[in-house]
Number of protein chains: 2
Amino acid sequence: MEVTIGKTRAKASPEVVKGHFPDKFKTMQCPITNVLDRISDKWSIHTIILLGKSEKLRFSELMKGIHGISQRMLTVTLRSLEEDGLVSRQVFAEIPPRVEYQLTDLGRSLLSQLIHLSEWASENMTKIFESRERYKTEKV
Amino acid sequence: MEVTIGKTRAKASPEVVKGHFPDKFKTMQCPITNVLDRISDKWSIHTIILLGKSEKLRFSELMKGIHGISQRMLTVTLRSLEEDGLVSRQVFAEIPPRVEYQLTDLGRSLLSQLIHLSEWASENMTKIFESRERYKTEKV
DNA sequence: CCGTATCCCGACGGATACTG
DNA sequence: CAGTATCCGTCGGGATACGG
């Protein structure tokens with residue numbers, strides 16, 4: 001597995017090469033990096049894991065389930081998950097409006113990976129915290 | 001597996017509750033979130049994967065291997081990986097100086113998780129890119 | 001209820017210059 | 001070589017207000 005990071009633009013104009021890279025160049029990065037960037041997003045991970053626990057969830061249910069997320073970030077997160085085909089969105093023409101989200105097959109296949117990752121985190125966080133403490137005191 | 005996101009401060013003073021949360025409160029988040037935050041960092045993932053390919057690597061070798069990273073971010077990344085006990089750092093008292101980094105056992109156990117994740121990414125990125133294209137055209 | 005639009009602050013991280 | 005220190009632009013994302 002070859003992972004190329006950074007911008008893989010062939011030959012950009014010099015004034016673009018220097019300085020910061022605008023958003024439009026992000027899509028031209030290494031594909032794996034590109035995909036991992038989305039996946040590794042904090043809110044995305046938790047949204048997917050939460051959706052994995054229930055078949056379908058409404059917007060407001062997700063808000064309650066993901067402690068600390070703002071309405072804006074939930075919307076943004078759900079849109080990009082939908083864009084990537086990981087989550088499906090169904091709007092009901094009712095009053096009051098109802099919108100239901102659920103994982104797609106692709107989303108569920110990612111879920112299992114994320115569960116492994118978060119299990120690793122929960123199994124090893126004690127070691128990590130101990131290591132941080134050790135590092136802190138050594139620094140003093 | 002219960003995942004609590006966000007700030008779990010019990011009762012902060014009102015003027016702190018409102019507005020942004022400074023760095024010092026990040027450590028008081030949910031442990032799993034806390035650990036995942038570090039792990040899901042773009043540069044950390046690639047540093048770990050690169051270190052997984054070789055037994056030991058020098059600072060300059062890592063610089064070359066991780067395309068696009070700055071000296072500053074490599075230093076910062078390596079320090080936090082060392083702090084978390086995922087990477088070990090060995091300094092040789094030579095002129096010119098030599099510093100070698102390698103994964104710890106903990107780091108290697110994380111590596112296998114990350115490899116699974118990036119294999120998932122490379123297996124499914126076509127689907128994801130197709131989905132993004134579809135989304136884009138639907139939006140028009 | 002489920003968003004979108006706007007404002008705005010502060011963290012992230014690149015560029016650069018300097019050391020042991 | 002392997003960093004550290006500083007400056008500073010960019011942008012993620014919270015708060016808020018409003019729309020269908």
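Hydrogens, waters and symmetry mates are skipped; everything else that's a heavy atom, side chains included, is used. A note on names: the letters A, B, ... follow the listed sequences, proteins ahead of strands, and every chain is numbered from 1.
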Nearest-Å distance for atom pair CE/P, residues M63(A) and dC2(C):
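One finds 10 Å between P of dC2(C) and CE of M63(A), rounded.
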Rounded to the nearest angstrom, tell me the gap between atom NZ in K42(B) and atom C1' in dG13(C).
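Rounded to whole Å, this separation is 10 Å.
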Respond yes when some side-chain nitrogen or oxygen of S60(A) is under 4.0 Å from OP1 or OP2 of dC2(C), and no when none is.
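S60(A) to dC2(C) OP1/OP2: side-chain N or O found under 4.0 Å.
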Quick one: is Y101(B) getting a side-chain N or O under 4.0 Å of the dG3(D) phosphate, OP1 or OP2?
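Yes, such a contact exists.
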5'-most contact on DNA chain D: R72(A) or P97(A), nearest heavy atom basis?
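Whichever sits nearer the 5' end wins; that is R72(A).
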Pairwise distance [atom1]([X]) to [atom2]([Y]) - rounded to 0.5 angstrom:
X: I69(A); Y: L74(A); atom1: CD1; atom2: CG; answer: 4.5 Å
X: M73(B); Y: D41(B); atom1: CE; atom2: CG; answer: 6.0 Å
X: S118(A); Y: H46(A); atom1: OG; atom2: NE2; answer: 7.5 Å

Pi-cation contact, F92(A) with R98(A) (under 6.0 Å, within 45°)
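Yes; both conditions hold, so R98(A) lies above the ring face of F92(A).
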So, applying side-chain hydrogen bond (donor to acceptor under 3.5 Å, both in side chains) with Y101(B), which one of Q90(B), R89(B), R58(B) is it?
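That would be R89(B).
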Which parts of residues 89-96 of chain B get close to DNA chain D, meaning a heavy atom less than 4.0 angstrom away?
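Going residue by residue through residues 89-96 of chain B, the ones with a heavy atom under 4.0 Å of DNA chain D turn out to be R89(B), P96(B).
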For I49(A) and L111(A), work out which heavy atoms get closest and say how close.
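For I49(A) versus L111(A), the nearest heavy atoms are CA-CD1, 3.8 Å.
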Nearest to the side chain of Q71(A), heavy atoms from C-beta on, is which of dG14(D), dA17(D), dA2(D)?
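Looking only at heavy atoms from C-beta outward on Q71(A), the closest nucleotide is dA17(D).
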